[in-house]
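Worksheet: the structure to be examined is printed underneath.
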Amino acid sequence: MNWLDEVRFYTDGLVTVIAQDAGTQRVLMVAWANHEALAETAASGHAVYWSRSRARLWRKGEESGHRQRIAEIRLDCDGDVVLYAVEQAGGIACHTGRESCFYRRLEGGVWQVVDPVLKDPELIYRK
């Protein structure tokens, strides 16, 4: 059996992927992958996702340079969530210029920004 056959994709052909820093264990981001993205990730050693907004493969860092090198790939007990343990280039995973996409914390019923911008997104995504 092929390892990809054990992944339970949703009816839209996608599976949830959690990207976690391999060193600190911090959750960096959550994204989606299809069969092709998972296969390319395993073959290339760098994170590849499916961009729902662009409707195409998204090779993390293709625009920003903030690539994610794969340390390991794990599958949860139900087979419907994949974990990429990654080494994050530049220490920035979020398009807002932060380390993690999870930079807001609920405090007193209000979302508070608790993580700093490490690099201005305008400088990251200059065209």
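Note that the coordinates shown come from a computational prediction; the quantities given were computed from them, not determined experimentally.
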Original post:
How far apart are the closest heavy atoms of G97 and I124, and which atoms are they?
Top reply: CA-CD1, 4.0 Å

Original post:
If you group Ile, Leu, Val, Met, Phe, Trp and Tyr by side-chain heavy-atom gaps below 4.5 Å, do V7 and I18 land in one group?
Top reply: no

Original post:
Are L83 and I73 in one and the same hydrophobic cluster, where Ile, Leu, Val, Met, Phe, Trp and Tyr link if side-chain heavy atoms are under 4.5 Å apart?
Top reply: no

Subject >> Results of side chain to side chain donor-acceptor pair (under 3.5 Å) for T11 - residues two or more places apart only >> reply: none

Subject >> Partners passing side chain to side chain donor-acceptor pair (under 3.5 Å) against E72 (at least two apart in sequence or in another chain) >> reply: R74

Original post:
Any salt bridge between R8 and D76, counting N to O under 4.0 Å?
Top reply: no

Subject >> Distance-only side-chain donor-acceptor flag, R98 / T96, under 3.5 Å >> reply: yes

**OP:** Looking only at non-hydrogen atoms, find the nearest pair between E6 and L75 and report the distance.
**Re:** O-CD2, 3.7 Å

Original post:
E107 and Q112: side-chain donor and acceptor closer than 3.5 Å?
Top reply: no

Original post:
Any chain of hydrophobic side-chain contacts (each under 4.5 Å) joining V30 to V82?
Top reply: no

Original post:
Under a 4.5 Å cut-off applied to non-hydrogen side-chain atoms, are D21 and V86 in contact?
Top reply: no

**OP:** Any chance you could measure L57, atom CG, to N34, atom CG, to the nearest 0.5 Å?
**Re:** 5.5 Å

**OP:** Flag yes if V15 and I70 sit in one hydrophobic cluster, no otherwise; membership is Ile, Leu, Val, Met, Phe, Trp, Tyr, and two members link when side-chain heavy atoms are under 4.5 Å apart.
**Re:** yes

**OP:** Could you tell me whether the side chain of T41 reaches within less than 4.5 Å of the side chain of V17, counting heavy atoms only?
**Re:** no

**OP:** Can you measure from CH2 (W50) to CZ (R52) and round to the nearest 0.5 angstrom?
**Re:** 12.0 Å

Original post:
Shortest non-hydrogen contact from F9 to L4?
Top reply: CE1-O, 4.0 Å

**OP:** Could you tell me the separation between the OG atom of S100 and the CD atom of Q88, rounded to the nearest 0.5 Å?
**Re:** 10.0 Å

Original post:
Just wondering, more than 12 heavy atoms not from R26 lying within 6.0 Å of its CZ?
Top reply: yes

Original post:
Is it true that the side chains of H46 and R67 contain a donor and an acceptor less than 3.5 Å apart?
Top reply: yes

Subject >> Approximate separation, where rounding is to 0.5 Å, of C94 SG and D115 CG >> reply: 9.5 Å

**OP:** May I ask whether V48 and L28 are part of the same hydrophobic cluster, defined by side-chain heavy atoms of I, L, V, M, F, W, Y residues being less than 4.5 angstrom apart, directly or through others?
**Re:** no

Original post:
After noting the C-alpha distance and the side-chain angles of R54 and E62, does the key distance pass the salt bridge (Lys or Arg N to Asp or Glu O under 4.0 Å) rule?
Top reply: CA-CA 13 Å; R54 300 175 196 141; E62 65 192 0; 3.8 Å; yes

Original post:
Measuring from R59:CZ to R56:CZ, what's the distance to the nearest 0.5 Å?
Top reply: 8.0 Å

Original post:
In terms of the angle between their ring planes, are Y10 and W32 parallel, tilted or perpendicular, with boundaries placed at 30° and 60°?
Top reply: perpendicular

Subject >> Smallest separation among heavy atoms of A93 and M29, with atom names >> reply: O-SD, 4.2 Å

**OP:** Taking all non-hydrogen atoms of both residues into account, name the closest pair between A89 and G65 and its distance.
**Re:** CB-O, 4.0 Å

Original post:
Y103: which other cluster members, linking ILVMFWY side chains closer than 4.5 Å, directly or transitively?
Top reply: V113

**OP:** Starting at NZ of K119, measure out to OH of Y125 and round the result to the nearest 0.5 Å.
**Re:** 10.5 Å

Subject >> Nearest non-hydrogen partners of Y49 and Q68, listed with the distance >> reply: OH-OE1, 2.6 Å

